[in-house]
Every structure is written in structure tokens, then in C-alpha cells.
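Written below as C-alpha cells is the structure these notes are about.
Heavy atoms only: backbone and side chains are in, while hydrogens, waters and symmetry mates are out. Just so it is clear, the structure is predicted and the values come from calculations on it, not from any experiment.
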Amino acid sequence: MSQDAKESTATAAPATDDGNGDALENLLHENRKFAPSAEFAANAIVDAGDYADAAQDRPAFWANQARTLLSWSKDFDQALDWSNPPFAKWFTGGEVNAAYNALDRHVENGLGDRVAIHFEGEPGDSRSYTYAELTEEVKKAANAFEALGVTKGDRVAVYLPMIPEAVITLLACARIGAVHSVVFGGFSADALRSRIDDAEAKLVVTADGTYRRGKPSPLKPAVDEALAKEGHTVENVVVVKRNGEPVNWVEGRDKWWADTVDTAPAEHTAVGHDSEHPLFILYTSGTTGKPKGILHTTGGYLTQTAYTHKAVFDLHPETDVFWCTADVGWITGHSYVAYAPLVNGATQVMYEGTPDSPHQGRWWEIVEKYKVSILYTAPTAIRTFMKWGKDIPAKYDLSSIRVLGSVGEPINPEAWMWYRDVIGANGGTKDNPAPIVDTWWQTETGAQMIAPLPGVTATKPGSAQVPLPGIAVDVVDELGESVPDGHGGYLVVREPWPSMLRGIWGDPERFKDTYWSRFEAMYFAGDGAKKDEDGDIWLLGRVDDVMNVSGHRLSTTEIESALVSHPSVAEAAVVGAADETTGQAVVAFVILRGDAVNNGEATVQELRNHVGKEIGPIAKPKHVLVVPELPKTRSGKIMRRLLKDVAEGREVGDATTLSDPTIMQQIAESLRK
Ligand code: WTA
């Protein structure tokens with residue numbers, strides 16, 4: 001890569017100025033390529049023809065996928081209605097039921113005995129559901145929710161661990177047309193309450209708790225705390241008994257799953273819902289303190305999740321065993337656990353716990369036990385396994401693995417190669433290691449957007465490479481002009497896509513401002529990217545105030561607001577600092593109030609716990625640094641770039657625009673003390 005290209009990347013996309021200079025340097029010199037084996041290519045489910053078809057007529061390509069992959073109770077009239085951008089409508093006039101597509105039709109087609117879910121609990125308990133059994137469970141749950149007064153269009157908040165009841169709940173909501181809003185179990189009672197309020201949820205589905213590293217970990221207390229204050233819309237709380245720990249009980253409001261769902265009638269007819277009927281809301285962090293309720297609808301979402309699941313993972317549903325390790329609290333757990341694998345009639349593994357419980361080989365034990373053939377996980381996990389060493393996976397038979405997926409954050413070439421050699425080649429014993437598909441997408445995009453096709457693309461370590469068929473991704477400069485190969489800029493989507501978000505719940509203006517105002521007639525993803533000399537795309541991280549910690553999106557502003565809500569804190573600035581394992585780590589700089597006493601480590605712990613309480617344990621800063629001042633421009637904007645230099649132990653960059661140029665020195669001195 002030329003020096004030229006590197007410089008233009010650095011100026012066009014602030015993402016490259018984030019201190020990951022070394023990483024970027026490595027990427028620019030990465031030129032390994034791995035073509036699919038002849039055998040893999042010959043058996044691949046999708047070939048290069050899909051690119052050609054989609055290029056010819058994009059909406060027609062998607063209409064064809066929609067009719068091939070889904071069963072519509074009423075066929076649609078028009079593939080795409082883009083008459084009122086940025087509000088797209090896909091497959092207008094069509095009616096489709098997500099749960100029928102994920103379940104009933106497979107049973108009707110004679111696949112009732114195929115295993116849909118192999119569930120593995122953290123303590124070692126396991127249960128499997130066939131498609132017939134899962135269909136019955138979902139019908140019961142649909143009846144139970146309806147009996148509790150939930151009807152089409154009502155919102156249901158879901159605060160559950162990774163247990164089959166999570167998938168059952170989502171599909172039961174979809175079946176009756178209720179809109180689910182899953183809140184990740186790592187979020188606090190406050191975060192749960194604000195999401196319940198924003199969506200005006202009528203029902204909450206939760207569990208007594210789950211298991212974390214061999215110990216019971218509670219969930220129900222957070223729901224009780226969230227609902228303690230009056231003024232919410234929740235009428236009932238359905239509670240799955242999972243870890244058997246004692247729980248507080250509110251008579252009249254709380255119902256055990258066993259008493260409501262298990263006893264409900266097992267017959268329930270699924271009716272088609274309009275293609276644009278809301279399927280779910282999922283809150284995600286943005287650049288402001290208030291999380292956004294990303295809205296997805298039915299027909300387009302199901303079409304693109306199902307297509308990408310089939311094409312990108314080369315899914316052969318009759319023989320493959322698919323395992324996506326994402327929690328159902330995130331978009332990946334929605335699209336590639338709850339929906340696409342079931343719509344495609346696949347067999348999948350679902351695991352409740354942590355990778356190191358009870359030992360660091362747990363995942364590989366699960367791969368061996370169920371003969372997992374497609375594994376989809378995040379770079380953070382891969383880097384963690386690298387740290388633990390290759391001797392651990394080497395103890396297990398991983399020969400069933402034939403496709404590996406990565407998602408959530410940029411994967412560095414070292415982790416990519418390790419994934420290929422150690423996991424994909426069964427510790428080096430396989431001649432043709434499994435192809436790796438690095439998939440770029442977002443909560444907002446609903447499904448994968450950029451990824452190689454494993455039977456077609458020669459893969460490159462560290463690059464997500466090519467837009468999928470029917471997806472119009474580009475990299476543009478400040479002015480929205482497409483950059484030439486070898487240059488960097490901002491990642492955009494130029495044409496509407498089926499699984500695109502339809503808006504932000506209750507806030508159409510914010511939808512337009514956030515995604516459609518940066519560039520004329522383009523969706524602005526918030527990521528920096530570059531095109532290499534072959535035109536392949538390399539993702540370079542966020543260009544806004546969103547951090548990516550272990551593949552989880554966190555907002556700097558949200559954590560700053562949490563910190564300043566503590567009585568001892570006057571001001572706070574948060575940055576995402578490069579971290580070897582988690583990609584980024586949260587580092588907070590705080591100024592204490594004049595009357596607050598700095599008790600050193602005790603103060604730091606108190607502030608970390610405070611963030612944990614306000615937002616959730618996942619948002620706790622790794623480091624809290626108490627400083628006398630924060631670097632600000634003359635207009636009062638905090639210069640996070642300089643704080644990032646400090647957090648990453650680098651020499652501080654250009655500080656000439658600071659209102660007080662000595663501040664960085666003051667900070668450095670205070671940290672040396
Ligand atoms: C980042 C997760 C590089 C990116 C599906 C995006 C990635 C954000 C990749 C969305 C990838 C996701 N390579 N970066 N393969 N996949 N990202 O909404 O910054 O939780 O904007 O969706 O994760 O995170 P979200």
C-alpha cells in the first residue's frame with residue numbers, strides 16, 4: 001500500500017487517527033489471500049451468479065430471495081417502495097408470519113423430527129428441541145401471552161438469559177404480531193426501566209436468573225427494581241425458573257412460566273402479518289446519552305437474514321450444525337440465533353454460559369459433542385482463546401468445523417490466522433482449513449452487509465472485503481464522493497436494503513438526523529473504512545463517539561452522564577482505548593467536585609460500581625483516572641483524542657487548539673503522583 005493511500009485514509013477518516021497506527025500499518029502490509037478449495041467451491045450453495053443477478057436488478061433479486069426463502073400467506077405486489085426516502089417499504093402488500101416460517105412450515109414439510117436447538121446449560125444440563133417440539137412450545141407461549149392480554153402491536157420487554165425460552169418468547173411475540181424489545185441481561189434495572197418506558201411495554205418476560213462461572217446470577221431482582229416506581233405500563237411479568245434461587249413475588253403481576261405457558265393449549269394458528277408490520281425494537285447506543293430503539297419490520301428482515309445466513313455460511317441445513325455464540329440480547333443473537341437459522345430449517349447449538357466455565361475448553365467440548373460445522377463468534381473471544389493457548393482446543397476433535405464466521409469488531413490479521421490454523425484446521429491437522437467469513441453489519445442494518453462468500457471469494461486476513469449481492473456499500477470522502485481504490489473514508493450504503501432499520505422508535509427526526517443527514521441520499525454507518533488496491537473493504541472502527549468493547553456498542557456520552565450523576569463527580573470524559581483482548585476498553589477521566597474527597601482506589605471502585613448500577617456491568621470503565629482538568633477547545637469541546645493518547649500511553653498529539661495548552665501537562669503530572 002502506498003504512503004499516499006495511508007495518508008488519505010488518515011485525513012479522510014478520523015477513525016485512523018485513533019492511535020491504532022501500528023495496527024493500521026500492519027493491515028496495510030497484509031497481502032495474504034486464501035482461495036476456496038476446489039472441493040468447497042464445487043459444493044457451495046451460492047456461486048458468483050448471485051452478484052450478477054443482483055447487479056442486473058437489485059429489487060428483483062431480493063424479490064426472488066423473498067419468494068424462495070419464505071412462505072408468504074399473501075404474495076407481495078411490489079419489491080421496494082422508496083417513494084418516501086429514507087422510509088423504505090419492502091415487499092408491499094405481502095403478508096407473512098415469522099414464526100410460521102421459522103417453525104410450522106418445516107413440520108408441515110416433514111422435518112418435524114429434525115433438531116432445531118441443542119441447548120447446553122452452563123452447569124452441564126442439556127436439552128434438545130425438534131422442530132415439532134419447538135413449534136408446540138411457541139404455540140403455547142403465544143396462547144399464554146394472548147391470555148395475559150397481549151395483542152398485535154403491543155410491546156413485550158424480554159430480559160432473559162441464553163436459554164431456549166428466549167427464542168420461544170421472541171417467536172411467540174412474532175407469531176401474534178407483538179413487538180419484542182430484548183434488553184441484554186448485563187444491563188441494569190435503570191437501563192431496563194428506561195427501555196420499558198420508551199417502548200411502553202405491557203409484558204415483561206424474565207427468569208429468576210442464570211449461571212455465570214458456576215454461580216447463580218440473578219435477573220428477577222433487576223425487574224423488581226425497575227418496576228418498583230409507579231408510572232410504568234407493565235401489567236404482567238412472566239418468570240422462567242432457571243436457577244431455582246429464591247425470588248421476590250408480586251401477587252397478581254408475576255406469573256411463573258410453568259403455570260402460564262406450560263399449561264396453555266398447544267394449538268395456535270399463525271396468521272400472516274403485513275410485510276412492514278413491526279417485528280422488534282432493539283436499543284443500541286448512539287452518540288448521545290439516550291439509547292435508540294432501532295425498529296425492524298417483518299418481510300425484509302426475514303428475507304435478508306435468511307439469505308445471508310444461507311449464502312455467507314454456505315448453509316446445508318440437512319447436514320450442518322450451526323453455532324452462533326452471540327447473546328440474544330444483541331442483534332446477532334436476534335438475526336442469527338432466533339430467526340435466520342430456524343427460518344432456514346437448520347440445527348443450531350445454544351450455550352448459556354461463559355467460555356471458561358467450568359474449564360477453558362468448554363466451547364471446544366461443545367463443538368466436539370454436537371459436531372458443530374459452522375461457528376460464528378467475535379474477535380474478542382478469538383483473542384481470549386489465543387491468550388489461553390492452542391493446547392486447549394488441541395485436546396478436542398474440531399474436525400467437524402467447515403466454516404468460521406467473525407462479527408462485531410475488526411478482526412486483526414493475527415487473530416484471523418490463529419482462528420484459521422488452530423480452530424479451522426483442527427490444530428493444523430486439516431489440509432484445507434475452514435474458510436473464514438468476516439461479516440460487517442450493525443443493529444441498524446439488521447443482517448450482514450459486507451462479507452466474503454466462502455465458496456467464491458479468496459479471503460484476506462482482516463478484511464470483510466465485498467458487499468453482499470444486492471447491497472450497495474461504498475467508501476466516500478468528506479464530500480460524499482466515492483474514493484478510489486487504495487484510499488479511505490466513511491462507510492455508506494447507497495441503496496435501500498431489505499433488512500434496513502425502518503426508524504427509531506417514536507423519533508423519526510432522530511432517524512433522519514443520525515443516519516441520513518451526513519451525506520445526501522446515503523446511509524451513514526458511523527464507521528471508517530478503506531478500499532485496498534483490489535477494491536476490497538477494510539473496516540477501521542467507529543468515527544463517532546461510540547466505543548466497541550468486546551464487540552458491544554457503548555456510548556461515551558452515556559457513560560459520561562452516568563459518571564456525572566455521582567455526587568462526587570464534577571465532570572467526566574470517556575474514551576475507548578485500544579485493548580489487546582477486548583478491542584477497546586472504557587477509560588474514564590473525571591474531575592471530582594471541590595468538596596469530594598479522593599480516596600484513591602476506593603473512589604475509583606465506587607465510580608466503577610456507580611456506572612455498573614446506572615447502565616450495567618458491561619459499561620464499567622476498566623480504568624478511572626482522577627484528573628485536575630480536562631482538555632477543551634476554546635469552544636468548550638472536550639478533546640478526546642488527547643485523552644486517548646494518555647489512555648494508550650502514547651506521546652500526546654497536537655494540543656495547540658486547547659484553551660489552556662498546559663492542561664495536558666497538568667494531567668500527566670497528576671497521573672504520575
Ligand atoms: C462494528 C453488531 C469491523 C462496527 C453486528 C459497527 C465491525 C458496529 C464488524 C455495529 C466487522 C461489526 N468488522 N467492525 N466485521 N462487525 N462491527 O450494532 O463498528 O452491535 O458499526 O452490530 O460494530 O455494532 P452492533
Side-chain angles (χ1 to χ4, degrees), residues 1-18 20-21 23-31 33 51 54-55 58 86 287 308 312 406-413 416 437-445 447-453 457-497 500-501 514-546 548:
M1 188 63 42
S2 69
Q3 183 65 17
D4 230 32
K6 197 183 98 197
E7 273 176 11
S8 82
T9 306
T11 46
T16 60
D17 185 28
D18 65 358
N20 292 332
L24 182 62
E25 195 64 29
N26 290 340
L27 285 185
L28 294 169
H29 292 115
E30 178 58 61
N31 51 19
K33 262 197 210 183
Y51 293 111
R58 206 171 30 83
T287 51
T308 52
V312 173
S406 176
V407 62
E409 35 174 339
I411 177 164
N412 48 312
W416 197 101
V437 285
D438 176 12
T439 64
W440 178 90
W441 58 294
Q442 308 176 297
T443 306
E444 292 87 340
T445 70
Q448 296 161 349
M449 301 288 279
I450 310 177
L453 290 182
T457 321
T459 54
K460 294 180 180 175
S463 172
Q465 295 187 292
V466 271
L468 286 165
I471 300 299
V473 163
D474 199 1
V475 181
V476 300
D477 64 17
E478 291 283 350
L479 299 172
E481 298 291 333
S482 188
V483 303
D485 290 351
H487 290 254
Y490 300 97
L491 191 73
V492 295
V493 190
R494 286 186 176 276
E495 302 286 347
W497 64 102
M500 66 194 282
L501 75 165
T514 311
Y515 305 106
W516 303 94
S517 65
R518 181 74 178 77
F519 301 110
E520 174 83 29
M522 288 179 231
Y523 169 86
F524 171 53
D527 279 32
K530 83 176 198 40
K531 293 180 193 165
D532 69 14
E533 300 295 354
D534 302 326
D536 282 328
I537 295 172
W538 297 70
L539 277 310
L540 300 172
R542 301 287 305 192
V543 294
D544 53 13
D545 292 337
V546 173
N548 191 327

Measure the spacing between [atom1] of [X] and [atom2] of [Y] and express it to the nearest 0.5 Å.
{"X": "W538", "Y": "I450", "atom1": "CH2", "atom2": "CD1", "value": "13.0 Å"}
{"X": "D438", "Y": "T457", "atom1": "CG", "atom2": "OG1", "value": "12.0 Å"}
{"X": "W497", "Y": "L468", "atom1": "CH2", "atom2": "CG", "value": "13.0 Å"}
{"X": "E495", "Y": "I471", "atom1": "CD", "atom2": "CD1", "value": "10.5 Å"}

Any donor-acceptor N/O pair, [X] side chain to [Y] backbone, under 3.5 Å:
{"X": "Q448", "Y": "V312", "answer": "no"}
{"X": "K530", "Y": "L540", "answer": "no"}
{"X": "R518", "Y": "G480", "answer": "no"}
{"X": "Q465", "Y": "L453", "answer": "no"}
{"X": "T445", "Y": "M500", "answer": "no"}
{"X": "S463", "Y": "I537", "answer": "yes"}
{"X": "D532", "Y": "D534", "answer": "yes"}

Do [X] and [Y] have side chains that get closer than 4.5 Å, going by heavy atoms?
{"X": "L491", "Y": "V473", "answer": "yes"}
{"X": "H487", "Y": "V475", "answer": "no"}
{"X": "W441", "Y": "T308", "answer": "no"}

Exercise: identify the closest heavy-atom pair between [X] and [Y]:
{"X": "A451", "Y": "T439", "result": "CB-CG2, 3.9 Å"}
{"X": "D474", "Y": "S482", "result": "OD2-OG, 2.9 Å"}
{"X": "G541", "Y": "P410", "result": "N-CG, 4.3 Å"}
{"X": "P469", "Y": "A54", "result": "C-CB, 3.9 Å"}
{"X": "K33", "Y": "A458", "result": "CD-CB, 4.3 Å"}
{"X": "E478", "Y": "Y490", "result": "OE2-OH, 3.0 Å"}

- Please step through ring-ring contact (aromatic ring centres under 6.0 Å, His included) for the pair W516 and Y523, ending with a clear verdict. CA-CA 5 Å; W516 303 94; Y523 169 86; 5.7 Å; yes

- Task: In plain terms, say whether E409 and R542 are close enough for a salt bridge, that is, a side-chain N and a carboxylate O under 4.0 Å apart.
- Result: no

- Message: Applying side-chain contact (heavy atoms from CB on, under 4.5 Å) to Q442 and D527, what does each step give before you reach the verdict?
- Response: CA-CA 10 Å; Q442 308 176 297; D527 279 32; 4.1 Å; yes

